[in-house]
J.: 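Structure in structure tokens, see below.
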Amino acid sequence: MIQGKKVVYSATQPTGSITLGNYIGAIKNWLKLNQEYFTIFAIADLHALTVRQVPADFRKRALSFFAQYIALGLDPEKNILYFQSHVPQHAELTWILNCFTYIGETGRMTQFKEKSSKHNDNINMGLMDYPVLMASDILLYQADLVPVGIDQKQHLELTRDLAIRFNNLYSPTFTVPEPYIGKQGAKIFSLQSPTEKMSKSDPNPNATISLLDEPDAVMRKFKRAVTDSDGVIKFSEDKPGVSNLLTILSAVTDKGIADIEKDFAGKGYAELKKVVGEAVVEFLQPIQSEYNRLIADKAYLMSVAKDGAEKAQAIARRTLSKVYKKIGLVQL
Ligand code: TYM
């Protein structure tokens with residue numbers, strides 16, 4: 001509990017660009033939990049270093065992600081918004097938790113296996129340690145709830161295991177967090193291969209919608225979206241492409257899927273794709289104009305980042321000193 005409220009924590013790593021998948025699967029729920037909880041959201045820049053980054057691009061991208069958080073409606077007055085690398089306690093707690101994590105536990109993570117096969121020339125320690133850094137993010141803030149997409153569920157389970165293990169070995173130290181995964185949209189799929197997740201770092205630009213895509217690009221990508229050949233507009237497991245479009249339309253318009261299906265009774269895929277494209281363009285328009293204003297004001301963004309880092313550090317310091325004390329490190 002912080003200031004009498006339960007704590008919500010989540011983060012995004014600044015690789016590629018923020019997609020509609022990240023928004024629908026995670027950030028939309030961050031906004032929903034905003035009022036009721038004490039909310040903390042980070043740019044997980046240290047996580048992004050597990051793959052090679054071009055320094056100048058990386059710096060720019062991380063700041064762009066930060067501006068997009070605010071443009072999406074995360075008010076810096078109501079949320080702690082900060083960069084992970086500005087709070088040294090993340091790396092410090094990671095070392096401690098490393099000593100409580102078995103190699104087999106991180107080695108069997110699906111994301112580790114996928115990333116290792118994708119970057120088989122650079123299977124570094126960081127890639128394997130990624131979930132432990134993520135556990136540190138969450139546990140430092142004593143988070144109760146972690147809103148994420150389904151792909152992060154396994155990492156959350158490891159986080160819970162580590163918290164429980166530490167609490168049992170010493171005494172209650174960490175809050176054991178629960179994942180918060182939406183019933184709808186927990187996995188938004190690629191527009192080009194709708195059985196795979198829409199991924200920020202997909203090299204095929206037609207597969208993803210970035211929050212900063214121009215209207216023309218959005219319309220074109222939806223027009224080319226892969227569907228199927230039976231021509232019926234309904235949500236069904238055996239119709240991944242059409243179901244994905246329906247989920248996206250529902251998320252950006254807040255209309256139920258059953259109502260959308262009714263609207264489209266007897267209509268064709270071309271019409272559906274056009275309507276989804278238009279709804280997404282309309283949804284993105286105010287976000288993009290707010291983003292353009294924010295990204296031009298670096299002094300403001302840096303002042304928010306500094307304020308966020310200070311607030312985050314104050315909480316993180318408290319947890320870390322508790323941990324240091326419990327494990328028996330000499331206190332100054
Ligand atoms: P990342 O940066 O890959 O994704 C950010 C969030 O978006 C969700 N997501 C999706 N949801 C639905 N459909 C998709 N296609 C889709 N793609 C991504 C992710 O589940 C995530 O919630 N390791 C994390 C970042 C992280 C983190 C944390 C999250 C670092 N520390 C602490 C929570 C708590 C990651 O790489 O997410």
Side-chain angles (χ1 to χ4, degrees), residues 9-16 21-22 25-26 41-55 57-58 61-62 65 83-141 143 146-170 173-174 176-179 181 187 196-203 316 319-320 323-324 327 329:
Y9 184 94
S10 202
T12 299
Q13 52 162 343
T15 49
N22 300 128
F41 302 112
I43 300 292
D45 47 3
L46 298 176
H47 276 107
L49 291 173
T50 53
V51 295
R52 290 278 168 268
Q53 302 291 343
V54 177
D57 296 347
F58 183 39
R61 189 181 321 116
F65 271 49
F83 291 81
Q84 186 187 34
S85 62
H86 293 166
V87 180
Q89 287 80 7
H90 290 255
E92 294 179 65
L93 183 60
T94 300
W95 174 254
I96 305 295
L97 292 182
N98 273 338
C99 302
F100 293 86
T101 310
Y102 305 112
I103 288 174
E105 284 179 303
T106 53
R108 68 176 164 75
M109 292 286 127
T110 310
Q111 198 168 327
F112 171 68
K113 289 189 201 151
E114 273 172 16
K115 285 200 178 168
S116 325
S117 65
K118 232 190 246 168
H119 304 277
N120 64 2
D121 55 338
N122 182 21
I123 306 177
N124 57 66
M125 291 293 288
L127 207 54
M128 190 166 197
D129 208 21
Y130 184 109
V132 184
L133 177 58
M134 182 164 157
S136 302
D137 298 345
I138 297 165
L139 300 180
L140 267 182
Y141 300 92
V146 183
V148 284
I150 199 95
D151 62 329
Q152 296 300 319
K153 191 163 179 254
Q154 201 183 30
H155 292 160
L156 251 297
E157 276 156 15
L158 178 66
T159 303
R160 288 171 56 85
D161 289 347
L162 292 178
I164 293 168
R165 185 173 305 158
F166 194 97
N167 289 350
N168 286 343
L169 277 168
Y170 300 93
T173 308
F174 296 119
V176 181
E178 297 279 346
I181 296 170
K187 187 170 183 182
E196 284 166 39
K197 87 164 181 179
M198 182 182 282
S199 163
K200 275 198 233 103
S201 41
D202 195 317
T319 303
L320 193 69
V323 168
Y324 276 16
I327 56 181
L329 294 171

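Worth knowing before you read on, the calculation uses all heavy atoms, side chains too, and leaves out hydrogens, waters and symmetry mates.
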J.: CD1 of I96 to CZ of F100: how many Å apart, nearest 0.5 Å?
T.: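 One finds 7.5 Å between CD1 of I96 and CZ of F100.
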J.: Kindly indicate whether the side chain of Q154, heavy atoms from C-beta on, has any atom under 4.5 Å from the side chain of Q111.
T.: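 When only atoms from C-beta onward are counted, Q111 and Q154 do not touch, as no gap falls below 4.5 Å.
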J.: How long is the span from the CG atom in L127 to the NE2 atom in H47, to the nearest 0.5 Å?
T.: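 With rounding to 0.5 Å, CG (L127) is 10.5 Å from NE2 (H47).
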J.: Does a side chain donor of either T94 or S136 reach within less than 3.5 Å of an acceptor in the other side chain?
T.: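 Side-chain D/A pair, T94 to S136: present.
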J.: Quick check for you: to the nearest 0.5 Å, what is the distance between T50 atom OG1 and L133 atom CG?
T.: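 Between atom OG1 of T50 and atom CG of L133 there are 9.0 Å.
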J.: With distance as the sole criterion, is a donor-acceptor pair present between the side chains of D137 and Q84 under 3.5 Å?
T.: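 Result is yes, a qualifying pair exists.
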J.: Short question: side chain of N167, backbone of F174 - any donor-acceptor pair under 3.5 Å?
T.: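 A pair under 3.5 Å: yes.
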J.: Might you work through the side-chain contact (heavy atoms from CB on, under 4.5 Å) test for L156 and E178, ending with a clear yes or no?
T.: CA-CA 8 Å; L156 251 297; E178 297 279 346; over 6 Å; no
J.: Answer yes if the side chains of T12 and N22 hold a donor-acceptor pair under 3.5 Å, and no otherwise.
T.: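 Looking only at side-chain atoms, N22 and T12 do not form any donor-acceptor pair under 3.5 Å.
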J.: Is the centre of the H155 ring less than 6.0 Å from the centre of the F112 ring?
T.: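 No.
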J.: Give me each pair satisfying salt bridge (Lys or Arg N to Asp or Glu O under 4.0 Å) with a member in residues 93-112, each pair once, sequence neighbours excluded.
T.: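 Applying salt bridge (Lys or Arg N to Asp or Glu O under 4.0 Å) to every pair that reaches into residues 93-112, excluding sequence neighbours, yields E105-R165.
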J.: Would you say the side-chain atoms of K200 pair up with the backbone N or O of Q13, donor to acceptor, closer than 3.5 Å?
T.: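 It does hold such a pair.
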J.: Which atoms form the tightest heavy-atom contact between A62 and P14, and what is the distance?
T.: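 Shortest heavy-atom contact: CA-CB, 3.9 Å.
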J.: For Y9 and A143, which heavy atoms make the closest approach, and how far apart are they?
T.: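 Where Y9 meets A143 most closely, the heavy atoms are CB-CB, 3.6 Å.
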J.: Mind checking whether T15 and Q53 have side chains closer than 4.5 Å, heavy atoms only?
T.: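 Counting from C-beta outward, T15 and Q53 do come under 4.5 Å.
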J.: Could you walk me through whether Y141 and H90 satisfy the ring pair (Phe, Tyr, Trp, His ring centres under 6.0 Å) test, starting with their C-alpha distance in whole Å, then the side-chain angles of each, then the deciding distance to 0.1 Å, before giving a yes or no?
T.: CA-CA 10 Å; Y141 300 92; H90 290 255; 5.7 Å; yes
J.: To the nearest 0.5 angstrom, please state how far the CG atom of D161 sits from the OH atom of Y102.
T.: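 Going from CG on D161 over to OH on Y102, the span is 10.5 Å.
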J.: Any side-chain heavy atom of H119 sitting closer than 4.5 Å to one from R52?
T.: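 No, every pair of side-chain atoms sits at 4.5 Å or beyond.
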J.: What is the distance from atom CE of M128 to atom NZ of K115, rounded to the nearest 0.5 Å?
T.: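 Spacing of CE (M128) from NZ (K115) equals 14.5 Å.
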J.: Let's go through D129 and T101 carefully: what are the C-alpha distance in whole Å and the side-chain angles of both, what is the deciding distance for side-chain contact (heavy atoms from CB on, under 4.5 Å) to 0.1 Å, and is it a yes or a no?
T.: CA-CA 9 Å; D129 208 21; T101 310; over 6 Å; no
J.: State, yes or no, whether a side-chain contact exists between V323 and F166 at a heavy-atom distance under 4.5 Å.
T.: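 V323 vs F166: side chains touch.
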J.: Between CG of L162 and CG of L97, what distance do you get to the nearest 0.5 Å?
T.: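 Atom-to-atom, L162:CG and L97:CG are 6.0 Å apart.
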J.: So which heavy atom on A316 is nearest to which on L140, and how close?
T.: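 Where A316 meets L140 most closely, the heavy atoms are O-CD2, 3.7 Å.
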J.: Keeping the roles fixed (side chain from S116, backbone from I123), state whether a donor-acceptor pair exists under 3.5 Å.
T.: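 The answer is no, because no donor-acceptor pair under 3.5 Å joins these two groups.
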J.: Between L139 and P177, is there a side-chain heavy-atom distance shorter than 4.5 Å?
T.: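 With C-beta onward as the side chain, the pair touches.
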J.: Please walk me through it: do T319 and Q89 pass side-chain contact (heavy atoms from CB on, under 4.5 Å)?
T.: CA-CA 9 Å; T319 303; Q89 287 80 7; over 6 Å; no
